[in-house]
Structure formats: C-alpha cells, structure tokens
Asks: 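The structure's right below; bear with me while I get my questions together.
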Amino acid sequence: MKILGSDRKQLHFFNAKVMNLVLSTVLCLIALANAMAQGQPNFIFILTDDQTYGMMGCTGNDIVQTPHLDQLAKDGVLFTNAHITSAICTPSRTSILTSQFERKHGINFNSGTSLSIEGWQNTYPMVMRTNGYYTGWIGKNHVPIGQGGYASGVMEKSFDYWYAGHGHLRFYPKEIHHIFNHANADTQAEIIGEGIQDFLSNEQKLQGAVKFLDQRPKDKPFMLSVNFNLPHGASTSTMEMRDTDDDLYKTWYRDMEIPLPKNYVAKKDIKTPKLPLEIHRTEDRQVGYDYVNEPETLKERYIRQLQAMTGIDRLVGQLRQTLKNQKLDNNTVIIFTADHGLFMGQFGLGGKAFCYEITTRVPMIIFDPYSKKSTRNKTSDALVQSIDIAPTILTMAGIPIPSTYQGKTLTEVLSGSIADPRHYLYTENLWSTQFGNPRCESVQDKNWKYIRYYKNENLSASKKIKTAKEMGINLTSMLYKVHDPDIALYRHFIEAPLQGEAAVYEELFDLKNDAQETTNLANETGHKDILEKMRKIWVNEINNARGAEPPQVLRYTTDSESERGVIIEPK
C-alpha cells in the first residue's frame, strides 16, 4: 500500500504522540517506583510576595544578607530564568495552586469570580491530601475559593493544619487577623516562624491554629505551604520600628549607602515614558507605589524590603535546623520562589502587572535531599514557570498529574537529563483597571521577548476619585469593589485577543544583549523577521494558555454577596 505524503506526515505525527505518551508514562512509573522505594518525601513550599529576582545574595545582591537562602541554593538547584504567569498576587497564586494560566483558571482581582470546589480539588494541596499526605498552610491566602470566596471557610476546612489569614497580613498581623493573637511575636516573619515550628515539632500547642488531628501522623508524609506577605508593600509600608520589634527591623541597612536601581528615573525627571500615555496612564497609578517618585522615599522602602528579606532568610535557617533536629532533613524537599517581581522606579515605573522581566522573573530554588550530589550546587537557565511547581511536586511524590495541569514537571531538569522543559515561555496581564495598567501578553525564548498591548478604555481612577469625593462615596468601595458587569468585561479581556482583537502597540527586546529591556526593536526594519516569528509563536502560546475548557469558577462579586445578605470588603 502506497502512503501519500500527507498521510505519511499524519502517521509520523501520530507515532510521535504515541512515543511521547509512552515516554511520559514510563517516566511517571519510574518516579512512582523511586518514591515507593525511598518512601514518599515531605515537601515544604515557601512563597514570598513581591520579591524581585535580585533580592538575595545568590541572585546577585551584594547588600542584603541572606546566608541561609544562599546555602539552600548551593545545596540544590537555582533557576535563573524562572517566571510567573501573571505578575500580580491573586492570579499568580491561583496559577501556582492549579498549574494553569490565568486565561484558563479565570481568577483575578477584577474577574468577579472565586475558584469552584471542582477547581480547588485539583490544586496540588488537595491532590496530595487525597493521596495520603498530611497538609498544612501557614501565612497568607490570597485566592478566593468556593461560594462566598474568602468567607466560604473552604480553605480552613481543606487542610490538616491551618494557621493563616485571607488577604494582606501587614507587618503586624495580629492587628487584623485574630488567628495569630496567641503568637509570642508581633511581626509577620516571626509569627509565621512560630507556626512552622509548631507544625514541624508535632507538638501542635499553638493556640489559634486550626487542627484536625491532635498530632501529625508519623506514618504519613507531609506537604506544608508557607506563604509570606513580604516584602510586599502592604506589609513593609506598615513597619513602625516599634520597641518590641527585633533590632533587625529597626537598624539593619540604615548605615549603608543604598544605590538607586539601574535605569531609575524620578517622576520629575521623566521625559519619555516607558510606554505611550494612551497605553499606560501613569497618573492613575495606585498611590501605594508613589514612593518610587523620589530617591529618598524609594531608598526607605528598599531598606525595609532588605530587612524583610533577611527576616525571611533567618526563618529559613531556623526551619532547616528544625528539620535536622527532627531528623526530617534527609527526606524533605524544599522549594522557594516568589509570586512576582516589582518595579522600583526603573524607567519611572512603580508596581507590577506588566510583562517585563522585572515583574515576571522570580528566584526559584529547589532542594531535593534525594538527588545525587553531582546534580546539586547548580544553576539552570531553563525556561521554567510557576505553573511547573505543582506537577514537579506530584512527580517527586509519585502521584499522577491531573489532566487539567498546564505546567511541566522539572524533575528531568533537576536530574540533568534535559536542559529545557519548553522552547518558549508565555506570560500575560489581565488586570487592566482604572489604575492605568494595560492588558498585555508576552512570549519569549532565551534571546528574544515579544510583548503586545491592547487599547486601554478603562475609566480613569482620577475621575472615580473626583466623583467619590464630590458625592461622599467611600474611596475603597469606588475603586476596588467588583460588580457583575465586571465579569463580562474581564471575560472580554480573555477572549478578545483569541477572536482577532488587534494589538495597538508592540515591543521586541533582544534579551541576550539588552537584559534590562531598554530598547524596543519592534519598529526596526532589521528585526522584521524576528517580529513576525514571535507573532506566530504568540498565536500558538495564547491558544495553549486558554485551553478548551471553561474556567472552573463561581460568581463572587459585591452583587452576588449582597444577595446573600453579606457585605464583602476587598482583600
């Protein structure tokens, strides 16, 4: 029988898919066999908030003192090209939990939705609990789940150990979250540290923590998620150098010369904005980022961030010592990363919610005590993403990966058997609101990044503020409450580019020679072929990010909750 060219291609494609499926199955079976042979490992996943890549010694910062994190990197693998999927808290954290891009999971501050119970059941903590892991959650939660979102009680009931607050924790968490009232410390990192010590000691004497068993079963592996609200401005802005604070938070770094970030521009000195004014309306930026406008206020905030990072580092050191004391250090995997980065006045910008490297690139460290010594103390420039964390954990635990996951397991990168899990990396920003941020998406490889922007037609924050003041309307309600029509607008943001919405502005950066993304080459004739190539890659990547299934979400707006007789405040 003669096989035609088109049939031959289809047969080759089919055989390739079969081989990939077989290989994937074999790798999963090998991982499962290894996990069963050595006993399933414990996991501790540490997530920081608004931590840019260069905020640790091991990532190039020669001011901050982070010896324990630096040692963790030496003992494991430091990923130097790790990125989040959406550079703002809630969608990024939802992506980590679900291993899905925002376009698929559909959760953001402006989405008017919470994650459904069905969607929640496929998150890494729930999959691991279903498969026999004892689970804990300590610190911050910023993902609304179930009917009623943060007030549903779903999170509190979903873990064997819960010591956390919804939304921002601030630097002094007891002032807004009663669950922490019985902690000895008053400051965030130290309170979270008490929770970790309580969980690991297995004494579970800490009042306030919600526990479903008197003790952690010794015959069960555990999965502990530790979530900071540091060095985020919601916490560093509330630091007061109180008498009860550790000296770290009062004096450290204050006697040092603090340099301004590379490419820093004070507000008064901005001559050419980074983005056209019709794309990014800087006058509508949230006032919480105004500290970037002047060098002195920027330096004060940076000092507080450095202090917070050293506080987190000290906690990591205490954590590793406790693991050693409890004889858990040889079977506990530690993963450390951040939910996104933050602009600190570079190009005159403040905040996040962009697709630039400063906001999407984050530190990521994976320490696997079972790995060969030859694979440790390594750096990897592999294109990895936050959505890869969940499938990596499940693979290391020998647990099948849900079909809903979009991330890739990094176990082969960690072992050195492959260099890269993907050729291209996709990020997006769907948080486009009255605060002037543009909708955008980007695709990149190790050499080039392409960003596309859409028309910004959102009503200006300054106009809303003016009306609120004239009418005596609460500013928080005016600016932050989400109503039912916002759901439709958000879904338009998701679908419009897939349905042919044209970009109104494009950027192309030569990452190899311009890592700071200073020079847009999109309009340079010499780079026309690269631009066209990246546009085609964008089409494929945005379709993959969206997926075919509808998001597993529930209506969660001011309107939906008022119908139930509940008044909600923005988190």
Asks: The test is side-chain hydrogen bond (donor to acceptor under 3.5 Å, both in side chains); show your working for Asn229 and Gln188 and say whether it passes.
Replies: CA-CA 8 Å; Asn229 190 199; Gln188 184 187 140; 4.5 Å; no
Asks: Take Tyr490 and Thr113 through the test side-chain hydrogen bond (donor to acceptor under 3.5 Å, both in side chains) and record every step on the way to the result.
Replies: CA-CA 10 Å; Tyr490 176 79; Thr113 51; over 6 Å; no
Asks: Can you classify the ring geometry of Phe159 versus Trp137 as parallel (below 30°), tilted (30 to 60°) or perpendicular (above 60°)?
Replies: tilted
Asks: Within the distance-only criterion (no hydrogens, no angle test), does the side chain of Asn131 pair as donor or acceptor with the backbone N or O of Val127 below 3.5 angstrom?
Replies: yes
Asks: According to side-chain hydrogen bond (donor to acceptor under 3.5 Å, both in side chains), who are the partners of Glu561, at least two apart in sequence or on a separate chain?
Replies: Arg564
Asks: Aromatic contact between Tyr289 and Phe343, with the criterion being ring centroids under 6.0 Å apart: yes or no?
Replies: no
Asks: With Glu190, which residues qualify under side-chain hydrogen bond (donor to acceptor under 3.5 Å, both in side chains), at least two apart?
Replies: Thr187, Tyr249, Arg314
Asks: Considering residues at least two apart in sequence or located in another chain, which fulfil the side-chain contact (heavy atoms from CB on, under 4.5 Å) criterion with Asp247?
Replies: Thr251, Trp252
Asks: Taking Ser116 for its side chain and Gln552 for its backbone only, find out whether a donor-acceptor pair lies under 3.5 Å.
Replies: yes
Asks: Look at the side chain of Asp381 and the backbone N and O of Phe79, then say whether any donor-acceptor pair between them is shorter than 3.5 Å.
Replies: no
Asks: Taking side-chain contact (heavy atoms from CB on, under 4.5 Å) as the definition, give me every residue that meets it alongside Ala353, ordered by chain and number, with sequence neighbours left out.
Replies: Asn429, Trp431, Asn437
Asks: Within the 3.5 Å criterion, strictly below it, is a donor on Ser92 or His340 matched to an acceptor on the partner's side chain?
Replies: no
Asks: Under 3.5 Å, side chain of Ser152 to main-chain N/O of Gly148, donor-acceptor pair present?
Replies: no
Asks: With the side chain counted from C-beta on, respond yes when Ser386 and Thr337 share a heavy-atom pair under 4.5 Å apart, and no when they do not.
Replies: no
Asks: Short question: side chain of Thr48, backbone of Phe228 - any donor-acceptor pair under 3.5 Å?
Replies: no
Asks: For atom CG of Asn474, decide whether the heavy atoms of other residues, nucleotides or ligands shown that lie under 6.0 angstrom number more than 12.
Replies: yes
Asks: Find the distance between NZ (Lys571) and NE2 (His168) and round it off to the nearest 0.5 Å.
Replies: 10.5 Å
Asks: Return the CG to OG1 distance between Leu410 and Thr395, rounded to the nearest 0.5 Å.
Replies: 9.0 Å
Asks: Determine, for Asp186 against Arg242, whether the closest basic-nitrogen to carboxylate-oxygen distance falls under 4.0 angstrom.
Replies: no
Asks: Kindly say whether Tyr53 contributes a backbone atom to a donor-acceptor pair with the side chain of Thr59 at under 3.5 angstrom?
Replies: yes
Asks: The criterion is side-chain hydrogen bond (donor to acceptor under 3.5 Å, both in side chains); which residues satisfy it with Tyr556, sequence neighbours excluded?
Replies: none
Asks: Please answer whether the main-chain N or O of Val64 pairs with a side-chain N or O of Asn61 as donor and acceptor at a distance below 3.5 Å.
Replies: yes
Asks: When you look at Asp160 and Arg129, which way does the salt bridge (charged side-chain N to carboxylate O under 4.0 Å, His left out) test go after all the steps?
Replies: CA-CA 9 Å; Asp160 299 300; Arg129 195 182 191 200; 3.0 Å; yes
Asks: Could you give the distance from OG1 (Thr392) to CD1 (Ile366), rounded to the nearest 0.5 Å?
Replies: 5.5 Å
Asks: Is atom NE2 of His178 surrounded by more than 12 heavy atoms (other residues, nucleotides or ligands) closer than 6.0 Å?
Replies: no
Asks: Minimum heavy-atom separation for Cys89 and Asp339, please, with both atom names.
Replies: SG-OD2, 3.6 Å
Asks: Who pairs with Asp49 by salt bridge (Lys or Arg N to Asp or Glu O under 4.0 Å), at least two apart in sequence or on another chain?
Replies: Arg93, Lys140
Asks: Does the side chain of Asn42 come within less than 4.5 Å of Met223's, by heavy atoms?
Replies: no
Asks: May I ask you to say whether Lys352 pairs ionically with Asp50, meaning some side-chain N is under 4.0 Å from a carboxylate O?
Replies: yes
Asks: Are the side chain of Asn325 and the backbone of Arg320 linked by a donor-acceptor contact shorter than 3.5 Å?
Replies: no
Asks: Only counting residues at least two apart or in another chain, list the ones meeting salt bridge (Lys or Arg N to Asp or Glu O under 4.0 Å) with Asp70.
Replies: none
Asks: Is Asp243 salt-bridged to Lys250, cutoff N-O under 4.0 Å?
Replies: no
Asks: Keeping the roles fixed (side chain from Tyr124, backbone from Ile389), state whether a donor-acceptor pair exists under 3.5 Å.
Replies: no
Asks: Sequence neighbours left out, what passes side-chain hydrogen bond (donor to acceptor under 3.5 Å, both in side chains) with Tyr426? Give chain and number order.
Replies: Arg103, Glu428
Asks: If we ignore angles and hydrogens, is there a donor and acceptor under 3.5 Å between the side chains of Asn108 and Glu102?
Replies: yes
Asks: What do you reckon, are the aromatic ring centroids of His142 and Phe109 less than 6.0 Å apart?
Replies: yes
Asks: Could you walk me through whether Ser95 and Thr85 satisfy the side-chain hydrogen bond (donor to acceptor under 3.5 Å, both in side chains) test, starting with their C-alpha distance in whole Å, then the side-chain angles of each, then the deciding distance to 0.1 Å, before giving a yes or no?
Replies: CA-CA 7 Å; Ser95 291; Thr85 52; 3.1 Å; yes
Asks: For the aromatic rings, using the six-membered ring if either is Trp, is the centroid distance between His177 and His166 under 6.0 Å?
Replies: no
Asks: Output all residues satisfying salt bridge (Lys or Arg N to Asp or Glu O under 4.0 Å) with Asp484, sequence neighbours left out; order by chain, then residue number.
Replies: Arg555
Asks: For Arg491, enumerate each residue passing the salt bridge (Lys or Arg N to Asp or Glu O under 4.0 Å) test, keeping only those at least two apart in sequence or located in another chain.
Replies: none
Asks: Could you pull out the closest heavy-atom pair between Pro41 and Val333, with the gap in Å?
Replies: CB-CG2, 4.1 Å
Asks: Assess the residue pair Ser201 and Gln326 against the criterion (side-chain hydrogen bond (donor to acceptor under 3.5 Å, both in side chains)); give the C-alpha distance rounded to whole Å, side-chain angles, the decisive distance to 0.1 Å, and a yes or no.
Replies: CA-CA 7 Å; Ser201 69; Gln326 299 290 331; 5.9 Å; no
Asks: Could you measure the distance from the CD1 atom of Ile176 to the CG atom of Leu169? Nearest 0.5 Å is fine.
Replies: 6.5 Å
Asks: Within the structure provided, determine whether Ile365 and Met56 are in side-chain contact (heavy-atom separation under 4.5 Å).
Replies: yes
Asks: Using modelled atom types and a 3.5 Å cut-off, is there a donor and acceptor pairing between side-chain atoms of Lys74 and backbone atoms of Arg376?
Replies: no
Asks: Going by the rule side-chain contact (heavy atoms from CB on, under 4.5 Å), which residues pair with Ser403 if we only count those two or more places apart in sequence or in a different chain?
Replies: none
Asks: Among residues two or more places apart or on two chains, list those pairs meeting ring pair (Phe, Tyr, Trp, His ring centres under 6.0 Å) that have a residue in residues 199-224.
Replies: Tyr134-Phe199, Tyr161-Phe199, Phe199-Phe222
Asks: In the structure I gave you, are the side-chain heavy atoms of Thr476 and Lys481 within less than 4.5 Å of one another anywhere?
Replies: no
Asks: Just how far is it from atom OG1 of Thr90 to atom NE2 of His105, taken to the nearest 0.5 Å?
Replies: 9.5 Å
Asks: Mind listing the closest non-hydrogen atom pair of Val413 and Ala382 along with its distance?
Replies: CG1-CB, 4.2 Å
Asks: Does the ring centre of Tyr480 sit less than 6.0 Å away from the ring centre of Phe435?
Replies: yes
Asks: Run through Trp162, Tyr172, Tyr163 and flag the one making a ring pair (Phe, Tyr, Trp, His ring centres under 6.0 Å) with Phe180.
Replies: Tyr163
